[in-house]
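Contents: one structure, followed by commentary.
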Protein chains: 2
Amino acid sequence: MKIDPNSSADLSAQIAQAIKDAIVEGRLIVDERLPSEAELADQFQVSRPTVREALKRLAAQSLIRTQRGAFGGAFVNRISFEDAYSQQITTSTLLLSMNAVSFDTACEARFALERACAPLSAQRRSPDHLATMRAEIVRQSQPGLSDESFCASDVTFHRALVDGAGNPVLSYQLAGAVEAMQPLMNMITFTARSREVIVGLHTRIADAIEARDAAVADAALVELTTYTMTLKDSVMAARAAARGTLSG
Amino acid sequence: MKIDPNSSADLSAQIAQAIKDAIVEGRLIVDERLPSEAELADQFQVSRPTVREALKRLAAQSLIRTQRGAFGGAFVNRISFEDAYSQQITTSTLLLSMNAVSFDTACEARFALERACAPLSAQRRSPDHLATMRAEIVRQSQPGLSDESFCASDVTFHRALVDGAGNPVLSYQLAGAVEAMQPLMNMITFTARSREVIVGLHTRIADAIEARDAAVADAALVELTTYTMTLKDSVMAARAAARGTLSG
DNA sequence: AGACTTTTAAATGTCAGACAAATAAAATGT
DNA sequence: ACATTTTATTTGTCTGACATTTAAAAGTCT
């Protein structure tokens with residue numbers, strides 16, 4: 001592992017990259033201990049604070065974990081699905097909140113992913129997944145339910161549908177989209193008060209998944225997509241009208 | 001923004017989290033300048049190296065960028081698709097290489113995503129996307145092409161197919177899966193020498209996308225999926241047999 | 001001998017102060 | 001008005017030190 005002291009990049013960034021490469025290329029394996037900060041400083045011919053900045057960069061990406069004390073140090077981390085989830089959620093949330101992605105694009109991606117999961121879920125869902133979906137539908141049907149709870153239940157329902165596919169990669173990829181869209185989805189649900197339609201579609205989806213009928217599930221998801229986009233458009237229009245009133 | 005000095009977590013981690021929260025919640029907006037390191041050290045009642053470690057953590061996640069010199073400092077970064085891409089690729093690669101995900105799972109997710117893109121691509125693909133796909137098919141048909149080039153061309157082809165959908169979220173999500181699977185896909189292509197079948201399927205896909213026929217494209221993708229899994233199984237079996245020979 | 005306690009060495013976490021290098025604004029000179 | 005120099009500010013890096021944590025090693029008691 002070598003770095004170029006004449007490069008324009010920060011030394012800590014270069015060191016982080018060198019170690020990252022070593023991990024990705026398998027020269028450092030899971031749970032292997034990195035040299036101590038002092039040793040790394042020696043190897044790379046930099047000071048310890050510089051090494052530490054590099055290690056913090058790696059820790060921020062869950063590539064390593066550190067442990068204090070004798071026989072402690074930095075260890076190559078086995079990345080977990082939890083890590084992948086939270087990274088995905090952060091990235092998706094920022095992409096949306098910073099307007100790098102429109103709501104339409106995120107929505108389309110979300111439902112496209114969900115439709116991709118549905119056939120797998122119809123095939124593999126456990127009774128547990130099905131039970132979760134049914135339970136959430138019951139909850140969503142209760143008249144006294146708060147808007148917040150309805151939205152949370154909605155997330156749980158779709159989560160169960162996706163998890164039913166038994167593919168954690170698809171699950172964690174979707175998690176980002178769903179989580180990032182949550183604020184706007186909440187607003188849609190709050191204002192539009194469209195629970196009956198949504199519950200109806202959820203029921204159709206659950207029925208299809210129970211009957212292992214991918215086609216029907218897909219059709220219901222398409223309807224839900226269309227419906228969501230319609231609601232979103234009306235909410236946006238209402239917003240624009242409100243702005244017009246204020247400024248006029 | 002406050003931190004708890006009595007918490008068990010590192011101060012730099014707490015500070016990074018506090019700033020991250022401020023960004024995600026919109027209290028710090030894109031291109032806004034953070035206080036200087038000295039000021040942050042003052043605010044959080046810690047030393048400058050500690051603040052710097054926190055800032056490096058954020059920089060590693062592309063949440064901020066730093067600039068030296070007068071009127072330089074740390075600025076909230078508008079996260080780009082390139083950032084999202086590379087993060088996704090790193091995460092996916094590690095999940096696969098550390099055996100947190102099986103090849104089957106990654107493969108399934110990849111083709112499920114690709115099938116989700118195909119109908120959109122059939123609808124929206126530009127002549128440019130189509131031209132890229134055709135060009136790659138021509139390249140793949142050349143007898144003298146090296147294995148490496150064939151694989152690279154394969155990636156470009158699928159990339160064009162997915163980009164044709166015009167949804168950057170789907171594009172960057174798929175990038176991770178494709179990139180992470182690359183090493184094993186290479187091995188499959190190298191050993192199995194199955195170019196004719198693959199080129200044939202690619203042609204069918206391109207034809208379908210050109211004709212805006214989502215159903216045919218989907219069918220061809222399903223075949224490609226099945227074929228890939230078959231090849232992978234035979235490669236694995238050959239590997240296992242080779243191991244048996246050595247150990248027996 | 002075995003179980004418990006104390007010591008110790010090694011490592012990360014944190015701090016203080018300093019200097020180098022970059023950079024853009026401000027001051028200066030032509 | 002333009003070009004050059006100066007200057008203040010800020011990040012990047014280094015040195016050296018101390019605090020804290022931790023597990024192994026040594027010691028002690030029963």
Side-chain angles (χ1 to χ4, degrees), chain A residues 1-20 22-23 28 31-77, chain B residues 1-20 22-23 28 31-77:
Chain A
M1 289 196 291
K2 287 278 162 56
I3 58 170
D4 171 18
N6 299 322
S7 162
S8 62
D10 296 352
L11 290 176
S12 69
Q14 290 181 59
I15 293 168
Q17 188 61 50
I19 298 176
K20 181 174 174 176
I23 294 174
L28 289 170
D31 291 335
E32 186 171 339
R33 183 182 173 280
L34 271 64
S36 73
E37 296 173 353
E39 287 174 297
L40 287 171
D42 247 25
Q43 278 183 33
F44 287 112
Q45 289 284 299
V46 298
S47 66
R48 193 157 82 94
T50 303
V51 167
R52 282 183 61 81
E53 286 178 11
L55 293 179
K56 294 312 158 202
R57 293 177 117 109
L58 298 174
Q61 299 174 274
S62 304
L63 285 168
I64 62 169
R65 61 179 186 279
T66 55
Q67 221 172 348
R68 291 176 72 169
F71 298 79
F75 298 83
V76 178
N77 211 13
Chain B
M1 289 195 291
K2 287 277 163 57
I3 58 171
D4 171 18
N6 300 321
S7 163
S8 63
D10 296 354
L11 291 175
S12 69
Q14 290 181 59
I15 293 168
Q17 189 62 51
I19 298 176
K20 182 174 175 176
I23 294 174
L28 289 169
D31 291 334
E32 186 172 339
R33 184 182 173 281
L34 270 63
S36 74
E37 295 174 353
E39 285 174 297
L40 286 171
D42 245 26
Q43 278 183 32
F44 286 113
Q45 288 284 300
V46 298
S47 66
R48 194 158 83 94
T50 303
V51 167
R52 281 183 61 80
E53 286 178 11
L55 293 179
K56 295 312 158 201
R57 293 178 116 109
L58 299 174
Q61 299 175 273
S62 303
L63 285 167
I64 61 168
R65 60 179 186 278
T66 55
Q67 221 173 347
R68 288 175 76 168
F71 298 79
F75 297 83
V76 177
N77 211 13

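Numbers restart at 1 for each chain; the letters A, B, ... are given by sequence-line order, proteins then strands. Side chains included, hydrogens not; waters and symmetry mates left out as well; all remaining heavy atoms used.
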field: chain A contact limits on DNA chain D, taken 5' to 3' with a cut-off of 4.0 angstrom to heavy atoms
entry: dG12(D) to dA24(D)
task: Enumerate the residues from residues 49-68 of chain A whose closest heavy atom to DNA chain D is under 4.0 Å, giving them by residue number; use none for an empty result.
output: Pro49(A), Thr50(A), Arg68(A)
- prompt: Are the side chains of Lys56(A) and Asp10(B) in touch, meaning some heavy atoms are under 4.5 Å apart?
  reply: yes
- line: Rounding to 0.5 Å, atoms CZ (Arg48(B)) and CG (Leu40(B)) come to a distance of 11.0 Å
message: Looking at Glu37(A) and Val51(A), would you say the former's side chain and the latter's main chain have a donor-acceptor pair under 3.5 Å?
response: no
task: Could you tell me from which nucleotide to which nucleotide of DNA chain C, 5' to 3', there is an atom under 4.0 Å from chain B heavy atoms?
output: dG13(C) to dA25(C)
- request: Identify the two heavy atoms, one from Phe71(B) and one from Phe75(B), that lie closest to each other, and give their separation to 0.1 Å.
  value: O-CZ, 4.0 Å
- request: Return yes if some donor-acceptor pair links the side-chain N/O of Glu53(B) with the main-chain N/O of Arg52(A) below 3.5 Å, else return no.
  value: no
statement: When rounded to the nearest 0.5 Å, the distance separating OG1 of Thr66(A) from CG of Leu55(A) is 8.0 Å
Could you go through residues 57-65 of chain B and list every donor-acceptor pair under 3.5 Å that involves a side-chain atom there, pairing it with any protein atom two or more places apart or in another chain?
from, atom 1, to, atom 2, distance (Å)
Arg57(B), NH1, Ser12(B), OG, 2.6
Arg65(B), NH1, Asp31(B), OD1, 3.4
Arg65(B), NH1, Val76(B), O, 3.2
Arg65(B), NH1, Asn77(B), OD1, 3.2
Arg65(B), NH2, Asp31(B), OD1, 2.9

Any residue of residues 39-48 of chain B with a heavy atom less than 4.0 Å from an atom of DNA chain D: Arg48(B)
statement: Heavy-atom nearest pair, Gly73(A) first then Arg33(A), reads CA-NE, 4.4 Å
field: Of Ala70(B) and Ser12(B), the one whose closest DNA chain C nucleotide lies more 5'
entry: Ser12(B)
- prompt: Should Ile15(B) and Thr50(B) be marked as a side-chain contact (heavy atoms from CB on, under 4.5 Å) after you check the CA-CA gap, both sets of side-chain angles, and the distance that decides it?
  reply: CA-CA 9 Å; Ile15(B) 293 168; Thr50(B) 303; 4.3 Å; yes
message: If the condition is side-chain hydrogen bond (donor to acceptor under 3.5 Å, both in side chains), which residues does Glu32(A) pass it with, not counting sequence neighbours?
response: none
